[in-house]
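Notes follow the structure.
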Amino acid sequence: YMGVEDSIEYLTSSLIKGNLISEKEGVELVRLEPNSSTFGIEKLHGLIYNDSLEFVVEYVSVYGERWQVSSTKTVPIKLD
């Protein structure tokens with residue numbers, strides 16, 4: 001395998017519309033693979049932690065409440 005200098009190998013999670021996730025269960029949105037270049041990993045890290053990139057997930061609880069969680073907030077936000 002000959003990777004590109006700034007490439008990032010990744011796998012997305014099993015987060016699929018309709019999945020039921022328990023309150024204590026964690027979900028990986030993106031998992032970096034060992035084949036990822038150090039430069040690529042540092043570039044992604046810089047984007048995420050310099051607020052240039054934000055991951056946002058909206059979901060509905062089993063009670064019908066809509067919520068949003070993001071990489072820039074520490075707690076979920078209840079949506080109207």
Side-chain angles (χ1 to χ4, degrees):
Y1 173 76
M2 190 91 161
V4 178
E5 183 179 315
D6 66 348
S7 66
I8 299 173
E9 298 290 323
Y10 66 94
L11 293 175
T12 57
S13 74
S14 60
L15 184 61
I16 299 171
K17 185 176 182 176
N19 275 4
L20 182 62
I21 303 168
S22 71
E23 83 177 273
K24 306 258 186 215
E25 186 178 352
V27 175
E28 290 180 329
L29 296 179
V30 176
R31 183 179 74 200
L32 298 178
E33 291 295 311
N35 293 8
S36 298
S37 71
T38 302
F39 179 77
I41 292 170
E42 289 171 354
K43 189 174 180 179
L44 179 62
H45 184 273
L47 287 171
I48 293 171
Y49 290 99
N50 291 327
D51 297 329
S52 300
L53 178 66
E54 180 180 10
F55 293 100
V56 178
V57 176
E58 290 187 15
Y59 61 95
V60 179
S61 73
V62 294
Y63 303 107
E65 301 167 320
R66 290 182 53 234
W67 295 86
Q68 182 182 80
V69 64
S70 76
S71 57
T72 61
K73 306 281 191 284
T74 57
V75 294
I77 298 169
K78 188 173 182 181
L79 304 173
D80 293 327

Shared hydrophobic cluster, W67 / L79 (ILVMFWY, side-chain heavy atoms < 4.5 Å): no
Results of side-chain hydrogen bond (donor to acceptor under 3.5 Å, both in side chains) for K24 - residues two or more places apart only: none
side-chain hydrogen bond (donor to acceptor under 3.5 Å, both in side chains) partners for Q68, two or more places apart: E58
Donor-acceptor contact present, side-chain R66 to main-chain Y59, <3.5 Å: no
CA sep, side-chain torsions, deciding dist, call: F55, S70, side-chain contact (heavy atoms from CB on, under 4.5 Å): CA-CA 5 Å; F55 293 100; S70 76; over 6 Å; no
Co-members of the apolar cluster containing L20 [side chain, <4.5 Å]: V62, Y63
